[in-house]
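To start, the structure itself, in structure tokens.
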There are 2 protein chains.
Amino acid sequence: MKSSERRMTVYDIAKEAGVSASTVSRVLTGNGPVNEQKKELVLKILEKHEFRPSSVARSLKARRSRSVGFIVPDITNPFFSSMFLEVETRLAVAGYTVILCNSESRRERELEILQMLMEKEVEVIVLTGGIVDDLFPQPKMLRDIEKINHRVPIMTLSKFPGVRCTQAYSDEKQGVFDIVRHFHEEGHRKIGMIGGQMDVRQAFERKIYLLEAVNQYGMECRSNWLVEEGFSMQGGTRAMEKLLSLPERPSAVFAYNDVVAVGALSVIEKHGLKLGRELALAGMDGISLTESIYPGITTVAVDYAAFSDYVVEFVMNQGKGEQYKEDRVFPMHLICRGTTNVNRDAVHPVR
Amino acid sequence: MKSSERRMTVYDIAKEAGVSASTVSRVLTGNGPVNEQKKELVLKILEKHEFRPSSVARSLKARRSRSVGFIVPDITNPFFSSMFLEVETRLAVAGYTVILCNSESRRERELEILQMLMEKEVEVIVLTGGIVDDLFPQPKMLRDIEKINHRVPIMTLSKFPGVRCTQAYSDEKQGVFDIVRHFHEEGHRKIGMIGGQMDVRQAFERKIYLLEAVNQYGMECRSNWLVEEGFSMQGGTRAMEKLLSLPERPSAVFAYNDVVAVGALSVIEKHGLKLGRELALAGMDGISLTESIYPGITTVAVDYAAFSDYVVEFVMNQGKGEQYKEDRVFPMHLICRGTTNVNRDAVHPVR
DNA sequence: CAATAAAATGAAATCGATTTCAATAAAACG
DNA sequence: CGTTTTATTGAAATCGATTTCATTTTATTG
């Protein structure tokens, strides 16, 4: 098992086959003609040594790394892991390799990662839920991402207004409005929101949308019914606990995402509140967990397939033609489940 | 935004600074002495162009890719995503990049991935819950992994008996026994198991352990109380539904992993069974979800920190010294929660 | 101040595969 | 049979950074 052994190269193969390295390379890539017998001989020797050409050397010459970078805030969030699974599976078939990086929703970390991925010469960087834009984008940040984008195409899976890079995102405004309308139809008039983080644009925007919707439907939302506490399950738990400790509280709560909703749900159940009637809850993203726990969590789902198709298409089309496309907006769709359905108990046995 | 523009190289920098490429390289790496003023000049020019050396070229010369491959069956499973998060975060600090691949628990896919990662010349391959060994390892498979291991060190995070590669895994036998003992103490005598897949050794082994434990504690386990249906939440749901449809059923169920347990839990609740009393449930892995949903799921947890420390240590020590180490076995620890605790309702308000 | 040690530097080789280019051999043609 | 194509081939250049090696410059010492 000595790793000191030098790696086999095309030259070694060439020598053994009594041909030149060029010929071996031609056999390997299929570029250029090779005498049928020599080809077979070379193939036999390649097979014998189980020779695999170094893709590092190959990348250097070809100026193509056949790899892409994928940045997520936290791979532990099922929304991101599902998205990654879809994308990775499809890109793998096409011979691409995906480098996954966790940014922890920290701006410095994100920039470090972008630098690193550029050095690695990935062909595309997919930035999901990035925060580079910041809520109030400093000019520097904007420059950063555009400069980087100048060298390696970036595709963001969330909205970065004003940044010149290919963007794909869900129609979150529509999604939030769908939820609020649903709350309204179920008779709720006092709405709260949990989850999110001050400096993340996406969180900020969803909050704005909520307020707009609440306003439009003539409902109420007090400022202390907006509890942040981040994007995690634990955050959802903390936020809901804070919310429930208030003297007066909303009857319906919109969670920043499904993960936060799951964390919040346990608090509601622990407190013995009647779901849907005493306290309704809805999340966002449409992760599979929302339908796998009882009672199902109402959510607006993103179109995973559409997203990953688009990402794969973008990666595949790199080099050929345009580098920058119009924003692509996907609709979200509301899925009503137990956490907002007051008639739930009629369907399933009473617990 | 023309990407046709040639990439900047050390030579371009060198020319602009009026020095040789070697000097630029010395500034870049810190190897070898450089005149203080020239150094500053070069640094200024590097800064000006935001020059980043190509790590592809660097890897070729240095014969070190500073990247590792991480193979999981399914990144959507929180066990794997948590493990990945821990490992990636730590390796990133050390300047490593991690390529994540989903094997879907399919043997051919797994071998394809191993080949691909070798070509990419990753420095280490981490194989979590791999199936290369197969339940009854064909000689070919064994040869395959050992041949691969001969070139790039493989570390497995599950047991591969007889394969010469560095292995780290939990003491699953102890874990299963802990659970069964707990079931016994809670008064259960009829035990079932859900989840898993025929040809995956880990699943097979956990089943064997369960049967041994059941036997040791003088409990009962019928063959139709062992329902497989894979490793997913949906699988857990299906399996539990099958189990509950039986005329006679166990009073305690061990789920192959926590994800399966979550899927099963919803079925139990839907059927209105009294958790812990009428039907107890326990999983394995210790994913955070088990404590974030109500009622908490009893589980035996792996030591994530120990695992990831070990992985990082292994990666860092590559090249220096040994390539192959003794198996490392970590203890698991039982965490009792609502799904097995009959007194649960005394602690929390009645729902 | 001569002699020796230490510091700086660039040209060229290197990593491993691909590709260009020119040369050769074989085939086709008139 | 001489000439033009076409098929094969290998030597050498290339990708971009690092490193060795020999050389020059500067500093130190007796």
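Convention: sequence-line order gives letters A, B, ...; per-chain numbering from 1.
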Between the protein and nucleotides 22-27 of chain D, are there any N/O to N/O pairs under 3.5 Å, and if so, what are the atom names and distances?
none

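When the options A/Thr156, A/Ile113, A/Ile71 are evaluated for a side-chain contact (heavy atoms from CB on, under 4.5 Å) with A/Ile125, the one that passes is A/Ile71.
The salt bridge (charged side-chain N to carboxylate O under 4.0 Å, His left out) check on A/Glu40 picks up nothing, with sequence neighbours excluded. For B/Glu313, the salt bridge (charged side-chain N to carboxylate O under 4.0 Å, His left out) partners are B/Lys325, not counting sequence neighbours. In terms of the side chain to side chain donor-acceptor pair (under 3.5 Å) criterion, B/Tyr310 has no residue partners (sequence neighbours excluded). Shown here are the ring pair (Phe, Tyr, Trp, His ring centres under 6.0 Å) partners of B/Tyr96, two or more places apart in sequence or in another chain: there are none. For B/Arg58, there are no salt bridge (charged side-chain N to carboxylate O under 4.0 Å, His left out) partners at least two apart in sequence or on another chain. Looking at residues two or more places apart in sequence or on another chain, you find a salt bridge (charged side-chain N to carboxylate O under 4.0 Å, His left out) between B/Arg109 and B/Glu112.
For the pair A/Lys38 and D/dT9, the criterion of a side-chain N or O lying under 4.0 Å from OP1 or OP2 is met. Residue A/Asn31 has no polar side-chain atom (N or O) positioned under 4.0 Å from OP1 or OP2 of C/dT18.
If you measure from atom CD of B/Glu36 to atom P of C/dT9, you get 11 Å, rounded to the nearest angstrom. At whole-Å resolution of the value, CD1 in A/Ile13 and P in C/dT18 are 12 Å apart.
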B/S/- contact track for nucleotides 11-17 of chain D, protein heavy atom under 4.0 Å: BB-BBBB

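A/Val34 comes within 4.0 angstrom of the backbone, heavy atoms only, and of no base. Looking at heavy-atom distances under 4.0 Å, B/Val24 makes no contact with the nucleic acid at all.
Between B/Phe70 and B/Phe84, the ring-plane angle classifies as perpendicular under the 30° and 60° cut-offs.
Residue pairs that meet the salt bridge (Lys or Arg N to Asp or Glu O under 4.0 Å) test with at least one member in residues 13-27 of chain B, sequence neighbours left out, are B/Glu16-B/Lys48. Among pairs with a residue in residues 91-104 of chain A, those fulfilling salt bridge (Lys or Arg N to Asp or Glu O under 4.0 Å) read A/Glu104-A/Arg106, at least two apart in sequence or across chains. Applying the salt bridge (Lys or Arg N to Asp or Glu O under 4.0 Å) definition to pairs two or more places apart or across chains, those involving residues 116-129 of chain B are A/Arg7-B/Glu121, A/Arg52-B/Glu119, B/Arg64-B/Glu123.
Base pairing in DNA chain D yields stems of at least 3 consecutive Watson-Crick or G-U pairs, both distances under 3.5 Å, namely C:1-30 with D:1-30.
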